[in-house]
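Just below is one structure, and these are the notes that go with it.
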2 protein chains.
Amino acid sequence: MKATGKPAQVHFAYQQIADEIEAQILRGDLNPGDQLPGEAELAGQFGVTRSTLREGLRQLESDGLVHRPSPRRLEVAVPQADQLTTRSGRAMALMKVTFRELWQVTMMTEPLAARLAAEHGTEDEINGLQSLHAETVAAEGMMKRTISLDEDFHTRLADMGRNRVLGLAREPIALLLFRGFEQIAPFAPKFYKRQIEAHSNIIAALRDRDADRAEKWARMHIEDFWRGAQIAGLEDEIALNPRALS
Amino acid sequence: MKATGKPAQVHFAYQQIADEIEAQILRGDLNPGDQLPGEAELAGQFGVTRSTLREGLRQLESDGLVHRPSPRRLEVAVPQADQLTTRSGRAMALMKVTFRELWQVTMMTEPLAARLAAEHGTEDEINGLQSLHAETVAAEGMMKRTISLDEDFHTRLADMGRNRVLGLAREPIALLLFRGFEQIAPFAPKFYKRQIEAHSNIIAALRDRDADRAEKWARMHIEDFWRGAQIAGLEDEIALNPRALS
DNA sequence: CTTGCATTTAGTGTCGGACACAAAGCCCGT
DNA sequence: ACGGGCTTTGTGTCCGACACTAAATGCAAG
């Protein structure tokens, strides 16, 4: 039976500072884009030295709650996905998650992304996807380029669904999984073609606003990927490549 | 076209320190549990002052890569979920995501969690879930307690599936969504009973190792939740309560 | 020789002051 | 009015210092 909020250990000054500013941001007293006073002034406000205050700021900065557009300006940051993506990616890397775990989840996220994209994607976005797909076709056989384009394709597809929660959740997972293509491509060269087929079918389904078909093809696409992983014997291999993050 | 790794801006000493130690951890030169030297020694190693080094440490600490079990001991941390959960939760809060977005994703994660739990959960875990469920039944009508127990139920269910990726991805989302029960309960008192029914059916399915049935009941459970949200008119409301995080 | 307590010691958290360097603002001569 | 040089302001880094506490050590009693 734990209470709602737990202030817990707050002896340390730098921690209190970070917590206080964080609270102000969450509470809405400070809004993304707002500029904060200089370090000297802030330090004065909180009654600590600059050194101490700076430690608190570092923490907020690395939490992505504030950032410095120029060294001169310290402002409240708008949370950005890639920030979280690296964090989760690192965590999963350290946890040594397997391809199986990544795949099980991706089997849900990508079909959902495709479905939502079919429902909400605009004409322009579909056209953008189409031209991206053209690049992919042209890059057949070029592994690294294909991976990069594939990541891009799926990320854009997810963005089209107008669901930021899905975008946030799937990005780090999909990234890690798709990167595994590097290890399966040598075993299954024909997967280039199957990927191209799947992508173009997804695009066609989007054009028809056929959510079911989009979802189905996305599912088949990811299933295909799994077959490749099986051929390469990766099912329970650890999915990284720590230096892939850096 | 972006290259793979981008070291980018690294003029700042504290940043370089954080990056270097992070790299050592990711690379495996430092493993979770390893103790690091004292600040003075580290500062000497990197050729900076303690103040500067400390700023780097703060950053690593807030990244969850190192932590202090006692103020005296600084060691490489094992990445823990709740760390990421607060981060993502905060991000979604600031993004002002809607219940709809949360629900759409949860409609995928919880059924998958139930399915995997049916496949991999141990007898002990199922019993644990059962007694948790008993508490929930006893708490019928007590909103806050019910919410807390519900969160716990679903988290445990997810843990049973032996998929850490799913656990990581769903936790912050489910937390935010379920907390919305606080706003729907007043409108739909009968949902206490429906929740109890769903949970006990899920448990029964787990006992029978019936993945399909477990998945189905989980889906119905979340659908029910959505109906409640509709009754309360929350569909496109912002899902928080910033102080729910604290 | 082991155990319990007091003491030393090492290390963290915080302070205050200081300086170089860069950007933002200001001033002035043409 | 305008551009270039000067001043101001603020960050990044350094240095030295001190209180407080937890770990290590030494000492005394069993």
Side-chain angles (χ1 to χ4, degrees), chain A residues 6-25 30-78 83, chain B residues 6-25 30-78 83:
Chain A
K6 66 290 98 182
Q9 85 274 40
V10 276
H11 350 315
F12 304 128
Y14 64 80
Q15 183 70 35
Q16 280 176 279
I17 290 172
D19 287 350
E20 171 58 22
I21 296 182
E22 168 179 337
Q24 288 184 16
I25 295 177
L30 292 171
N31 297 304
D34 286 3
Q35 178 170 10
L36 277 74
E39 297 182 350
E41 180 170 339
L42 274 176
Q45 257 174 251
F46 285 102
V48 298
T49 330
R50 255 188 67 209
S51 325
T52 304
L53 177 110
R54 273 161 82 53
E55 291 189 32
L57 286 190
R58 275 312 70 85
Q59 188 164 326
L60 289 169
E61 209 168 311
S62 127
D63 279 3
L65 286 169
V66 306
H67 82 315
R68 292 188 190 281
S70 98
R72 202 66 167 218
R73 184 179 172 84
L74 176 70
E75 62 180 36
V76 179
V78 37
Q83 184 91 2
Chain B
K6 67 287 101 189
Q9 86 276 40
V10 276
H11 354 306
F12 304 128
Y14 64 79
Q15 183 71 38
Q16 280 176 286
I17 290 172
D19 287 350
E20 171 58 22
I21 296 182
E22 169 179 336
Q24 287 185 18
I25 295 176
L30 292 170
N31 296 303
D34 288 2
Q35 179 171 9
L36 277 76
E39 297 182 350
E41 181 170 338
L42 274 176
Q45 260 174 248
F46 285 103
V48 299
T49 334
R50 239 180 29 115
S51 326
T52 304
L53 176 106
R54 274 169 132 286
E55 292 188 32
L57 286 189
R58 260 342 41 98
Q59 188 163 326
L60 289 169
E61 209 169 309
S62 124
D63 280 2
L65 286 168
V66 306
H67 82 315
R68 294 188 189 279
S70 100
R72 202 62 168 224
R73 185 179 171 83
L74 176 72
E75 60 181 36
V76 178
V78 35
Q83 184 89 5

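Below, read A as the first sequence line, B as the second, and so on, with proteins coming before strands; counting in each chain starts at 1.
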Next item on the list: Could you list the residues that satisfy salt bridge (charged side-chain N to carboxylate O under 4.0 Å, His left out) with A/Arg72, not counting sequence neighbours?
Entry: none
Note to self: Does anything in residues 57-66 of chain B come within less than 4.0 Å of DNA chain D? Heavy atoms only, and list the residues if so.
What the structure shows: none
Next item on the list: Output all residues satisfying side chain to side chain contact (heavy atoms under 4.5 Å, CB included) with A/Gln83, sequence neighbours left out; order by chain, then residue number.
Entry: A/Gln80, A/Arg87
Checklist line | Test log, rule side chain to side chain contact (heavy atoms under 4.5 Å, CB included), inputs A/Gln59 and B/Gln59 | finding: CA-CA 5 Å; A/Gln59 188 164 326; B/Gln59 188 163 326; over 6 Å; no
Notebook entry, point to check: How far apart are the C-alpha atoms of A/Arg68 and A/Leu57, what are their side-chain angles, what is the distance that settles it, and do they pass the side chain to side chain contact (heavy atoms under 4.5 Å, CB included) test?
Noted result: CA-CA 11 Å; A/Arg68 292 188 190 281; A/Leu57 286 190; 4.0 Å; yes
Checklist line | Qualifying residues under side chain to side chain donor-acceptor pair (under 3.5 Å), relative to A/Glu20, sequence neighbours excluded | finding: A/Gln24
Note to self: A/Gln35: which residues meet the side chain to side chain donor-acceptor pair (under 3.5 Å) condition with it, sequence neighbours left out?
What the structure shows: A/Arg73
Next item on the list: Using the test side chain to side chain contact (heavy atoms under 4.5 Å, CB included), find all partners of B/Ala13 that sit at least two apart in sequence or belong to another chain.
Entry: B/Val48, B/Thr52
Note to self: Base, sugar-phosphate or nothing for B/Arg54? Non-hydrogen atoms, less than 4.0 Å.
What the structure shows: base
Checklist line | A/Asp63 versus B/Ser62, closest heavy-atom pair with distance | finding: OD1-OG, 2.8 Å
Check: Does B/Glu55 or B/Arg50 map to a spot on DNA chain D nearer the 5' end, using the closest nucleotide for each?
Finding: B/Glu55
Note to self: Which residues pass the side chain to side chain contact (heavy atoms under 4.5 Å, CB included) test with A/Asn31, not counting sequence neighbours?
What the structure shows: A/Asp34
Next item on the list: Would you jot down, in residue-number order, the residues of residues 70-78 of chain A having a non-hydrogen atom under 4.0 Å from DNA chain C?
Entry: A/Arg72
Margin query: Ignoring hydrogens, what is the shortest heavy-atom contact between A/Glu75 and A/Gly33? Give both atom names and the distance.
Written below: OE1-O, 3.7 Å
Item checked: Any B/Leu42 side-chain heavy atom under 4.5 Å of B/Ile17 side chain -> no
Notebook entry, point to check: What nucleic acid atoms does B/Thr49 come within less than 4.0 Å of, heavy atoms only: base, sugar-phosphate, or nothing?
Noted result: base
Check: How would you list, by chain and number, every residue that makes a side chain to side chain donor-acceptor pair (under 3.5 Å) with A/Glu41, sequence neighbours excluded?
Finding: none
Next item on the list: For DNA chain C, note the earliest and the latest nucleotide, 5' to 3', having some atom under 4.0 Å of a heavy atom belonging to chain A.
Entry: C/dG13 to C/dA23
Item checked: B/Glu61 with B/Arg58: basic N within carboxylate O range, under 4.0 Å -> yes
Next item on the list: Scan residues 35-45 of chain A against DNA chain D and write down, sorted by residue number, each residue with any heavy atom closer than 4.0 Å; if none is found, say none.
Entry: A/Gly38, A/Glu39
Checklist line | Start and end of chain A contact along DNA chain D [non-hydrogen atoms, under 4.0 Å] | finding: D/dT9 to D/dT13
Notebook entry, point to check: For the residue pair A/Gly56 and A/Ala18, what are the closest heavy atoms and their distance?
Noted result: O-CB, 3.9 Å
Notebook entry, point to check: Any idea which heavy atoms bring A/Pro37 and A/Gln45 closest together, and the distance?
Noted result: CG-OE1, 4.1 Å
